[in-house]
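What follows is a set of notes on a single structure, which appears directly below.
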Protein chains: 2
Amino acid sequence: MAMAHGKRVRLDDVARLAGVSRSTASRVINGHPNVRPETRHKVLEAIRKLGYHPNTLAQGLSRRRTRIIGLLVAMPARRLASDQFYPLFLQGAAQAANRRGYRLMLGLFEEPAEQEAMYVDVVRGGYLDGLVVVSVPRGDPLIPMLLEEEVPFVLVGRDPDWDTPYVEGDNYRGGYMATEHLLRLGYRRIGTITGPLKLWAATERLRGYQDAHRDAGLEPDPGFIVEADFTEIGGMAAMRKLLEAGPEAVFVQSDTMAAGALRAVKAAGLKVPDDIALVGYDDAPLAELLEPPLTTVHQPIHMMGYTAVEMLIEHVERPKPRTQGVILPVKLVVRRSCGALPQP
Amino acid sequence: MAMAHGKRVRLDDVARLAGVSRSTASRVINGHPNVRPETRHKVLEAIRKLGYHPNTLAQGLSRRRTRIIGLLVAMPARRLASDQFYPLFLQGAAQAANRRGYRLMLGLFEEPAEQEAMYVDVVRGGYLDGLVVVSVPRGDPLIPMLLEEEVPFVLVGRDPDWDTPYVEGDNYRGGYMATEHLLRLGYRRIGTITGPLKLWAATERLRGYQDAHRDAGLEPDPGFIVEADFTEIGGMAAMRKLLEAGPEAVFVQSDTMAAGALRAVKAAGLKVPDDIALVGYDDAPLAELLEPPLTTVHQPIHMMGYTAVEMLIEHVERPKPRTQGVILPVKLVVRRSCGALPQP
DNA sequence: ACGTCAATTGGTACCGCTTCCAAAAGCCGT
DNA sequence: ACGGCTTTTGGAAGCGGTACCAATTGACGT
């Protein structure tokens, strides 16, 4: 670390060189208004000469603000690995943080114990200004804890049991649109593979699926609904199960699961979309690469990351912005897997 | 933040309640040996009662160690988005950090200016114990800066111009194996699509490709070598160009580019592997999902992340461990795109 | 009981910066 | 030139810990 060599320059050094007190030097650094231009200039000059950079830790300690926000992600390893949600989300989050001069502390956890450790160390230990929490399952004790501690935080993916700031894609609409699209194409026996139903997003997409049926005058058949876990393997297993019910089309709640489902369909010697039409969710980069390319519901993942961080920063900086929730629009991207487009 | 409410409990509170001095309380917390068991117990009890957690910033300030390490990633947006390297790498890195009680600070940058800002704020500002730097191009000024500042760091992907600790997959072997495999299958006109040649990894894989040719008594044809950028789009463009040379097989330096290449081949009305065989690199989750599934060189990405962090921590904690570099083994995963396996 | 030495414990000076408060300086009008 | 105000500046008390050093306590040998 820079700390390693003793020659670190401190604020005192700057003050001395500029011939002012430390207080004044500090004022200049923090853009305090009441400093004579001439003085300010002297200090700035000293800073430049010395190559001074404030010690963030010390600043944080006395300001009680660090400009670091935590990104808390509890996610099973296998899911994180294959899901393409992540890179995009992180990129958006990082972009927002960079723009506003914040840093991102990453907390990726597989085991709750580890998460607990970070929670304690970081939240109670006080070096985060706030937290962005990704995909907490319903009923997770984290949320009441955060509320209790009055830690500013934003959820990515709402928890309907708590009234907190959140960002999410319009899951209900997404589920509805995907299903409606299949119905319009004339399919009637439409199955669905959902994510873990303890995630609100999954239940909302499912609700959209069901309502689309009802609005078309059909009653959704529970036998066509299979719960999986947002992984490729899970999608494959779910599709195998679903095949027994003989669907004409399947709405899969993530592209990753759809990839698995697609493999299961092929393994069964069937063709997509001829024998079974498929619609995915996310519009991950992968979707376009599958054979056939996957019709899917596009989520603005990058923007979700950006927005979450942006919202959090607002919450941290303003007293009470009360921008409770943001629901970002999704859209259907039609490719070949649903059978709407001519096959080559 | 927990800081938000005034009721934060400090070390003094603990000391008072336990009826000892702050020094003693501190000793207990840091597991210092010379504390009478009885005293230790009183302090522990007080800590528990008060729900005390040390303030990380304050600790960091006086210890001059934070147990935070930075993960610096400079990567064009389009590449980050589609590349599956990331989630896996992060996961490995996070796992290592969690296990050793370190935190990860994420620095994702698209623009050098932003990177510079983080560099300054974080490295000179002194709240990182060290840095893991991912995929710096050759000649990047970052490395000499880090060396100059004596910041402990580990490179993911070596820079041959500097003698620094690094972790990487065995790129030369990977390139060699992939090419050798194609040669063994009888292909002679073998093209290759490389990553940016300012990345050492790309030049090494290329060298492997060339040496495999030479060892087979063939002279590699420069007309069969096309440089791309590790993105899908780039791979597609490169393949279009390569098609003009009429290769029988192509070794592509990343699965993501291979996906693009595959699309280009299909768009040209050709079949993989019948008309053109393909071998990728990385063994990303995506590889298995392509049609046909991609033969590829498997890199232990998760372990690269894990190892990089582990090495860095060693460097930070031990005086001079001098574990310079680690090269992790790669292996060839044969699937259908190379034509070695029976097509279904 | 007393000296000696090791094990414990307390006191206090930092770590490097912010910020409140009071002192000093500058500006005006008369 | 002087009183009254507003700016600018400096001083010093934190922020919450760590760690060095000295003081206190306890154990043990004689």
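To find a chain, count down the sequence lines: A is the first, B the second, and so on, and within it residues start at 1.
Each of B/G19 and B/L61 was assigned the nucleotide of DNA chain C with the nearest heavy atom; the assignment lying further toward the 5' end belongs to B/G19. Place B/A58 and B/T24 on DNA chain C by their nearest nucleotides, and B/T24 ends up nearer the 5' end.
B/L57 has its CG atom 15 Å from the C1' atom of D/dT18, to the nearest Å. Distance A/H32 NE2 to C/dT18 P: 12 Å, rounded to the nearest Å. The nearest whole Å value for the distance from the CG atom in B/L11 to the C1' atom in C/dC14 is 16 Å. B/R10 has its CZ atom 11 Å from the P atom of D/dG14, to the nearest Å. Regarding A/D12, its CG atom lies at a distance of 13 Å from the P atom of D/dG10, rounded to whole Å. In this entry the distance linking OH of A/Y52 with C1' of C/dG16 reads 7 Å, nearest Å. Taking atom CG on A/N30 and atom P on D/dT8, their separation rounds to 17 Å, with Å as the unit. If you measure from atom CZ of B/R36 to atom P of C/dA6, you get 19 Å, rounded to the nearest angstrom.
Residue B/Y306 is tested with B/R99, B/Q91, B/Q95 for a side-chain hydrogen bond (donor to acceptor under 3.5 Å, both in side chains); the sole match is B/R99. A side-chain contact (heavy atoms from CB on, under 4.5 Å) with A/L131 is found for one member of A/V154, A/L146, A/I69, A/L71 and no other, namely A/L146.
Considering only side-chain N and O atoms, A/R64 lies nowhere under 4.0 angstrom from the phosphate OP1 or OP2 of D/dC15. Close to D/dG17, at under 4.0 Å from its OP1 or OP2, lies no side-chain N or O of B/S26. Dashed line: the shortest gap from a side-chain N or O of B/S21 to OP1 or OP2 of C/dG10 is under 4.0 Å. Residue A/Y127 places none of its side-chain N or O atoms closer than 4.0 Å to OP1 or OP2 of D/dG17. The side chain of A/N55 contributes no N or O atom lying less than 4.0 Å from OP1 or OP2 of C/dC17. Dashed line: the shortest gap from a side-chain N or O of A/Q59 to OP1 or OP2 of C/dT18 is under 4.0 Å. Note on B/S23: every side-chain N or O is 4.0 Å or more away from OP1 and OP2 of C/dG10. One finds a side-chain N or O of A/T39 lying less than 4.0 angstrom from the OP1 or OP2 phosphate oxygen of D/dT9. The phosphate of C/dA7 has neither OP1 nor OP2 within less than 4.0 Å of any side-chain N or O from B/N34. Distances shorter than 4.0 Å separate none of the side-chain N or O atoms of A/R63 from OP1 or OP2 on C/dT19.
Judged by distance alone, with hydrogens and angles left aside, B/R22 brings no side-chain donor or acceptor close enough to the base of C/dG10 to form a pair under 3.5 Å. At a cut-off of 3.5 angstrom, counting only N and O atoms as typed in the model, there is a donor on one side and an acceptor on the other between the side-chain of B/R27 and the base of C/dG10.
Looking at heavy atoms from C-beta onward, B/T66 lies out of side-chain contact with B/T56 at the 4.5 angstrom threshold.
We find the CG-OH distance between B/L57 and B/Y127 to be 9.5 Å, quoted to the nearest 0.5 Å.
The nearest pair of heavy atoms linking A/M311 to A/P165 is CE-CB, 3.9 Å. Contact record, A/L50 with A/V9: O-CG1, 3.5 Å, taken as the closest heavy-atom pair.
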